[in-house]
Participant: 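There's a structure below that I have some questions on.
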Amino acid sequence: MRTSSPSRTGFGAILTLASCRSPFVSSQPYLDCDVATYYSSLPTPPTDTARYDMHNLIKSTHRDQLPYSSSAYGDVWDALIDVDSDSSGDNVKLVYKDIWVPAFPHDFGTCEYWNREHLWSRSHGVGSSGKDNTDLHHLRPSDCNVNSARSNLYFGICGTAAPSSQCTSPAHQEAAFDTEKDSTTFLPPVNVRGDIARAILYMDLRYDGDEGSTTLDLVVSDCPETVPNGAGMGYLSQLLLWHLEDPPDVEEKQRNGKVCTEWQGNRNPFIDYPELASIYHGGSRPLLGDGLGYDCTVPPPSVGACSDDSGPCSSVDQCLCSSSATNRNLFEGGGSLLRGWSPSSRNLQSSKLMMTGVFDGPLPGGLPKMVELYALEEVLDLSVYGVGSANNGRGTDGEEFTLTGSAPIGSFVTVSYEAVAFLDYFGETPSFTSGTLNVNGDDAIELFFNGEVVDSFGDNSVDGTGQAWEYMDGWAYRNVGSAPTSAFQISEWTLSKENAVDGCTDNDSCSSSFPFKTFEAGGTPTLEPTPTPCLCLHE
């Protein structure tokens with residue numbers, strides 16, 4: 001039984017409660033919620049546990065069904081304020097708006113304040129009387145208006161099941177800048193996509209329709225509209241990618257523990273053991289095309305052991321380490337389990353972005369100065385990428401500028417020292433500006449993924465003056481079909497002559513025109529696979 005507070009039947013009562021509120025401590029907290037103890041009853045280690053057994057664990061330990069709203073302390077409002085507040089307990093983070101707002105007051109039907117968002121929408125199978133309705137693992141504080149904008153849309157990028165021409169970004173005028181929506185999908189802010197993915201995967205695992213009439217069998221799918229009883233949520237393939245690209249952070253892990261200890265008694269296994277997502281669901285299907293969705297008649301890549309658990313994955317498999325220690329390090333380090341992963345090659349092979357051009361301009365001040373990047377695949381979170389420069393052969397300075405937002409497949413991203421000269425010369429504004437690009441044609445430039453170099457132009461330990469790769473007052477452009485490589489290969493680049501753009505005032509009229517945004521992909525990284533204990537997702 002939970003500690004009660006005075007009646008909250010009115011706005012004045014809410015303000016009174018807010019002014020004297022102290023952190024909630026259950027009168028009988030669940031003491032078996034630490035990770036080691038919680039999973040100790042399973043017949044096998046968690047990463048070897050069958051879905052059925054894991055479902056039964058999180059179902060049987062879901063011991064407390066909260067009231068959705070109550071005049072006594074201990075309902076969903078109070079729980080969200082407890083698990084989603086800042087250190088002071090006075091503010092909550094809004095899931096789609098990505099800002100902190102006062103915890104009190106909250107909404108009472110007027111849409112003036114924050115309200116409660118069901119990540120798995122009620123209209124897609126969540127009932128009104130079962131534990132699924134008040135399950136904190138998929139409930140979040142949300143801006144009322146943005147919540148309405150999301151409505152019951154599936155999670156995914158624009159162009160998944162509706163033409164991308166329908167896309168609106170941001171998804172609402174009050175939503176975070178990196179949100180978008182169309183008539184079918186809603187793309188949340190990049191820094192909560194993994195959190196949302198794991199909440200949806202949890203709901204699919206937790207609710208199998210085996211609790212009588214109060215809950216349905218919730219199914220996350222690439223074809224959610226085909227799920228019986230309207231209990232489908234999408235889109236699985238994109239949620240699996242978000243799960244990999246935005247791994248659990250400290251705050252999400254702390255929230256998971258608090259939900260268990262102080263409120264419900266159960267944990268989200270996909271936060272504790274992220275590899276379960278691929279074990280239970282396999283890999284991601286490709287989209288069929290703009291607005292065409294997925295072919296669900298073709299099964300996703302299935303999980304199966306390699307020839308033995310100590311053997312290497314082949315280069316045509318997706319690799320999942322079976323070693324818990326290795327896997328923990330991978331996720332906690334922000335890595336991705338992508339094609340051909342090995343400790344020495346995972347960043348290069350999983351890089352979806354590459355450098356395609358560098359430019360040292362003829363306008364006053366040597367402007368514009370810029371680097372052009374190209375998205376080999378869709379990049380949902382550009383913040384895992386950044387650029388750095390190495391001036392005059394003094395060695396790398398590491399990542400100096402971090403990108404933001406996302407990039408569709410086949411799109412270009414430009415980073416310029418400044419915007420005015422870039423606009424004058426190329427006729428458009430750059431994607432980003434950064435002082436990092438205050439370089440000359442004898443300086444090396446590096447592209448980083450998760451803090452490691454995945455592509456480069458020039459030798460960061462050599463002053464480029466007089467070197468074959470010098471492009472002073474000129475440019476260098478990637479040859480068609482090249483691929484990212486952390487070790488600079490001059491054979492993959494075409495260079496103008498030094499001072500080739502002197503006297504030019506714009507790119508179109510210049511006799512040595514920079515091949516702006518003309519790169520065409522075609523190559524793949526060439527790496528020797530490194531043996532590593534793994535499970536392989538066979539394609």
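Counting from 1, the numbers follow the sequence of the chain as shown.
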Participant: Will you find, in the side chains of Asp290 and Ser164, an N or O donor that is under 3.5 Å from an N or O acceptor?
Facilitator: yes
Participant: Could you pull out all residues at least two apart from Phe448 that satisfy ring-ring contact (aromatic ring centres under 6.0 Å, His included)?
Facilitator: none
Participant: Taking the six-membered ring for Trp, are the ring centroids of Trp77 and Trp114 within less than 6.0 Å of each other?
Facilitator: yes
Participant: Side chains of Glu275 and Ser278: any donor to acceptor distance under 3.5 Å?
Facilitator: no
Participant: Does any part of the side chain of Leu216, heavy atoms only, come nearer than 4.5 Å to the side chain of Tyr207, both counted from C-beta?
Facilitator: no
Participant: Partners of Tyr38 by ring-ring contact (aromatic ring centres under 6.0 Å, His included), sequence neighbours excluded?
Facilitator: none
Participant: Taking disulfide bond (SG atoms under 2.5 Å apart) as the cut-off, I'd like each qualifying pair that reaches into residues 130-162, sequence neighbours left out, listed once.
Facilitator: Cys111-Cys144, Cys158-Cys167
Participant: If I compare all heavy atoms of Thr402 with all of Ser383, which pair ends up nearest, and what's the gap?
Facilitator: CG2-O, 3.3 Å
Participant: Taking the side chain as everything from C-beta on, heavy atoms only, tell me whether Val126 gets closer than 4.5 Å to His138.
Facilitator: yes
Participant: Would you call the rings of Tyr202 and His137 parallel, tilted or perpendicular, taking 30° and 60° as the class edges?
Facilitator: tilted
Participant: Please list, chain by chain and in numerical order, all residues satisfying ring-ring contact (aromatic ring centres under 6.0 Å, His included) with Phe270, sequence neighbours excluded.
Facilitator: none
Participant: When rounded to the nearest 0.5 angstrom, what distance separates CG in Leu239 from CH2 in Trp242?
Facilitator: 5.5 Å
Participant: Applying salt bridge (Lys or Arg N to Asp or Glu O under 4.0 Å) between Glu252 and each of Arg140, Arg267, Arg198, Lys93, report the one that passes.
Facilitator: Arg198
Participant: Which distance, rounded to the nearest 0.5 Å, do you find between the CG of Asn268 and the CG of Leu201?
Facilitator: 8.0 Å
Participant: Can you pull the salt bridge (Lys or Arg N to Asp or Glu O under 4.0 Å) pairs that have at least one residue in residues 147-162, sequence neighbours excluded?
Facilitator: Glu117-Arg150
Participant: Indicate whether the side chain of Asp32 and that of Thr37 have a donor and an acceptor atom separated by less than 3.5 Å.
Facilitator: no
Participant: Enter the distance from Leu66:CG to Gln264:CD here, rounded to the nearest 0.5 Å.
Facilitator: 6.0 Å
Participant: Enumerate the residue pairs fulfilling disulfide bond (SG atoms under 2.5 Å apart) with a member in residues 257-289, sequence neighbours excluded, ordered by first and then second residue.
Facilitator: Cys33-Cys260
Participant: Return the set of residues passing side chain to side chain contact (heavy atoms under 4.5 Å, CB included) with Pro46 (not counting sequence neighbours), or none when no residue passes.
Facilitator: Tyr39, Leu42, Met54, Tyr273
Participant: Please check if any side-chain donor atom of Asn147 sits under 3.5 Å from a side-chain acceptor atom of Asn115, or the reverse.
Facilitator: yes
Participant: By side chain to side chain contact (heavy atoms under 4.5 Å, CB included), which residues pair with Thr160, not counting sequence neighbours?
Facilitator: Ile157, Thr185, Tyr235, Gln238, Leu287, Tyr294
Participant: Measure the shortest side-chain to side-chain distance between Asp217 and Pro228 over non-hydrogen atoms and say whether it is less than 4.5 angstrom.
Facilitator: no
Participant: Taking only residues at least two apart or on different chains, which pairs with a member in residues 50-60 satisfy salt bridge (Lys or Arg N to Asp or Glu O under 4.0 Å)?
Facilitator: Arg51-Asp204, Arg51-Asp208, Lys59-Asp210
Participant: Which residues pass the salt bridge (Lys or Arg N to Asp or Glu O under 4.0 Å) test with Asp143, not counting sequence neighbours?
Facilitator: Lys97
Participant: May I ask you to decide if Gly127's main-chain N or O and Asp132's side chain share a donor-acceptor pair within less than 3.5 Å?
Facilitator: yes
Participant: Check whether any side-chain heavy atom of Asp98 lies under 4.5 Å from a side-chain heavy atom of Asn191, and answer yes or no.
Facilitator: yes
Participant: Does the side chain of Leu353 reach to within under 4.5 Å of the side chain of Leu447, using non-hydrogen atoms?
Facilitator: yes
Participant: Among residues at least two apart in sequence or on other chains, which ones pass ring-ring contact (aromatic ring centres under 6.0 Å, His included) with Tyr68?
Facilitator: His118
Participant: Using the disulfide bond (SG atoms under 2.5 Å apart) rule, collect all pairs that involve residues 178-247, keeping only residues at least two apart or in two chains.
Facilitator: Cys223-Cys296
Participant: Check Val227 against Ser221 and note the closest heavy-atom contact, atom names and distance.
Facilitator: CG2-CB, 4.2 Å
Participant: Give me the atom names and distance for the closest heavy-atom approach of Gly74 to Pro67.
Facilitator: O-CD, 3.7 Å
Participant: Any donor-acceptor pair under 3.5 Å linking the side chain of Asp182 with the backbone of Gly159?
Facilitator: yes
Participant: Taking 4.0 angstrom as the limit, do Glu251 and Lys258 come out as a salt bridge?
Facilitator: no
Participant: Does the side chain of Asp246 reach to within under 4.5 Å of the side chain of Val190, using non-hydrogen atoms?
Facilitator: no
Participant: Taking all non-hydrogen atoms of both residues, which atom of Ala176 and which atom of Pro170 are closest, and how far apart?
Facilitator: O-CB, 3.3 Å
Participant: Rounded to the nearest 0.5 Å, what separation is found between the OG atom of Ser284 and the CG atom of Leu241?
Facilitator: 4.0 Å
Participant: So which atom in Ser169 and which in Thr179 form the shortest heavy-atom distance, rounded to 0.1 Å?
Facilitator: OG-O, 2.9 Å
Participant: Measure centre to centre between the rings of His172 and Tyr96, then say whether the value is under 6.0 Å.
Facilitator: no
Participant: Does a donor on one side chain sit under 3.5 Å from an acceptor on the other, for Thr61 and Asn266?
Facilitator: no
Participant: Do Lys352 and Glu245 touch side chain to side chain, with heavy atoms closer than 4.5 Å?
Facilitator: yes
Participant: Measuring only between side-chain heavy atoms, which start at C-beta, is Leu376 closer than 4.5 Å to Pro484?
Facilitator: yes
